[in-house]
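Heads up: the structure comes next, in structure tokens.
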Number of protein chains: 2
Amino acid sequence: MANRKHDHENSLSAVRGEMPPEEDLCNLGDLFKVFGDTTRVKILCSLSESELCVCAIAELLGMTQSAISHQLKVLKDARLVGNRREGKTVVYFLSDDHVRTIIAQGLEHITEKR
Amino acid sequence: MANRKHDHENSLSAVRGEMPPEEDLCNLGDLFKVFGDTTRVKILCSLSESELCVCAIAELLGMTQSAISHQLKVLKDARLVGNRREGKTVVYFLSDDHVRTIIAQGLEHITEKR
DNA sequence: CTAATATATGAGCAGATATTCATATGAAGG
DNA sequence: CCTTCATATGAATATCTGCTCATATATTAG
């Protein structure tokens with residue numbers, strides 16, 4: 001065997017076998033990163049109730065249209081929201097019920113420890 | 001009524017009523033922020049399989065002990081992991097089954113779109 | 001006590017990120 | 001066309017974040 005200071009091979013090989021592939025873990029981190037911002041969480045929560053155009057979200061959150069547009073782009077790149085043009089405005093909506101579930105799960109975790 | 005360029009009060013008041021309180025949304029963002037890092041996701045996945053000491057995690061992930069310790073502190077401050085000393089080593093473990101659920105939910109979302 | 005191992009932690013830095021500001025694009029009305 | 005409203009986007013900036021390096025603390029052995 002090896003002469004390490006402290007051998008973990010027994011436990012590690014078992015854990016290693018059960019770990020999801022590296023790529024999935026990176027994607028998972030990236031996914032949560034998108035959820036990991038108050039502004040984006042607020043946007044997602046809003047859209048969870050109703051589809052909304054950009055300026056409605058901006059008004060709702062009391063933020064500039066530009067800031068919201070930038071974050072909507074992040075959310076869209078992550079495929080968490082979709083959009084469609086309606087005349088002059090662009091309406092955004094959740095692209096997936098999974099998003100609602102993840103938010104709900106997180107909220108449950110938060111509110112449970114209180 | 002108001003004379004805005006574009007009135008959203010009808011939709012907005014309804015959405016406003018359903019939004020969780022500001023503080024919860026901030027905490028939610030902070031929670032997901034902790035999940036939003038590949039290293040921490042890997043640590044959580046490892047601990048999801050078995051409790052592990054610091055140097056085992058470091059070895060498993062191929063990272064320095066210091067880097068892992070710093071991230072374990074973040075995870076502990078967020079109450080996602082707990083620890084106990086066992087002689088010279090300190091063993092870390094998931095503090096909550098909720099963590100497992102959130103990770104699983106995220107992984108499901110990832111692997112579904114493939 | 002001293003040495004060795006395991007972990008924690010502070011300072012510093014390089015890279016990432018959220019907002020602002022200015023400006024571009026796009027749609028509808030006159 | 002030209003103007004106005006709605007949205008998108010690039011650049012600049014200030015802040016935050018994750019790692020490294022050096023060092024401190026803690027436990028056990030001798």
Side-chain angles (χ1 to χ4, degrees), chain A residues 2-8 11-12 25-26 29-44 47 51-78 81-93, chain B residues 2-8 11-12 25-26 29-44 46-47 51-78 80-93:
Chain A
N3 48 351
R4 290 185 199 75
K5 300 175 174 183
H6 177 173
D7 195 351
H8 306 101
S11 37
L12 287 195
L25 294 172
C26 287
D30 289 341
L31 174 69
F32 284 129
K33 201 169 291 174
V34 179
F35 284 92
D37 174 79
T38 303
T39 299
R40 286 192 294 266
V41 165
K42 288 178 181 171
I43 293 176
L44 292 172
L47 297 181
E51 27 176 64
L52 293 166
C53 70
V54 179
C55 63
I57 302 175
E59 189 180 333
L60 181 66
L61 304 193
M63 296 181 61
T64 67
Q65 171 268 318
S66 180
I68 299 299
S69 258
H70 278 294
Q71 297 302 351
L72 282 170
K73 176 165 172 46
V74 174
L75 292 171
K76 199 183 175 202
D77 287 348
V81 305
N83 64 8
R84 68 171 179 277
R85 184 168 272 281
E86 276 190 5
K88 271 188 293 190
T89 76
V90 176
V91 176
Y92 280 79
F93 46 86
Chain B
N3 49 352
R4 290 185 200 74
K5 301 176 173 181
H6 177 174
D7 195 352
H8 306 102
S11 37
L12 287 196
L25 294 172
C26 287
D30 289 341
L31 174 69
F32 284 129
K33 202 169 290 173
V34 178
F35 284 92
D37 174 78
T38 304
T39 300
R40 287 192 293 267
V41 165
K42 287 178 183 173
I43 293 176
L44 292 172
S46 318
L47 297 181
E51 30 177 63
L52 292 166
C53 69
V54 179
C55 63
I57 302 174
E59 189 180 332
L60 180 66
L61 304 192
M63 296 180 63
T64 67
Q65 171 268 318
S66 179
I68 300 299
S69 260
H70 278 294
Q71 297 302 351
L72 282 170
K73 176 164 173 47
V74 175
L75 292 170
K76 200 185 174 200
D77 287 348
L80 300 183
V81 305
N83 63 10
R84 67 170 180 278
R85 184 169 271 280
E86 277 191 4
K88 271 186 295 190
T89 75
V90 176
V91 176
Y92 280 80
F93 47 87

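Quick note on labels: first sequence line is chain A, next is B, and so on, each numbered from 1.
For Thr39(A), the side-chain atoms get nearest to dT19(C) when compared with the rest of dT19(C), dT7(C), dC19(D). Of the candidate nucleotides dT7(C), dA8(D), dG18(D), dA8(D) has the atom lying nearest to any side-chain atom of Ser69(A). Considering only side-chain atoms of Met63(A), the nucleotide from dT7(D), dA8(D), dT19(C) that sits closest is dT19(C).
By the 30° and 60° cut-offs, the orientation of the rings of Phe32(A) relative to Phe32(B) is parallel.
Using a 4.5 Å heavy-atom threshold, the side chains of Thr89(B) and Val54(B) count as separate. Looking at heavy atoms from C-beta onward, Arg84(B) lies in side-chain contact with Glu51(B) at the 4.5 angstrom threshold. Between Leu52(A) and Ile43(A) the shortest side-chain heavy-atom distance does not fall below 4.5 Å.
Put simply, the side chain of His70(A) and the base of dT20(C) share a donor and an acceptor less than 3.5 Å apart. Taking 3.5 Å as the limit, the base of dA6(C) and the side chain of Gln65(B) contain no donor-acceptor pair of atoms between them. Residue side chain Ser66(B) reaches the base of dC21(D) through a donor-acceptor N/O pair under 3.5 Å, judged by distance alone.
Look at NE2 on His6(A): it is 12 Å from C1' on dT7(C), rounded to the nearest Å. When rounded to the nearest whole Å, the span between CG of Asn83(B) and P of dA6(C) equals 17 Å. Spacing between atom NZ of Lys76(B) and atom C1' of dA8(C) amounts to 11 Å, rounded to whole angstrom units. What separates CG of Leu52(B) from P of dT7(C) is a distance of 11 Å, to the nearest Å. Straight-line distance from the CD1 atom of Ile68(B) to the C1' atom of dT9(C): 15 Å, rounded to whole Å. Distance, Asp37(A) CG to dA16(C) P: 17 Å, rounded to whole Å. Between the CZ atom of Phe35(B) and the P atom of dT17(D) there is a distance of 16 Å, given to the nearest Å. A straight line from NZ of Lys33(A) to C1' of dT17(C) spans 10 Å, rounded to a whole angstrom.
Here Thr64(A) reaches the OP1 or OP2 of dT20(C): one of its side-chain N or O atoms lies under 4.0 Å away. Applying the 4.0 Å criterion to OP1 and OP2 of dA6(D), one finds that Tyr92(A) has every side-chain N and O outside that range. One finds a side-chain N or O of Arg40(A) lying less than 4.0 angstrom from the OP1 or OP2 phosphate oxygen of dA18(C). Not one side-chain nitrogen or oxygen of Gln71(B) sits closer than 4.0 Å to the OP1 or OP2 atom of dT17(D).
The minimum heavy-atom distance between Val41(A) and Gly29(B), with the atom names listed, is CG2-CA, 3.9 Å.
In terms of position on DNA chain C, the residue among Glu86(A) and Gly36(A) whose nearest nucleotide sits closer to the 5' end is Gly36(A).
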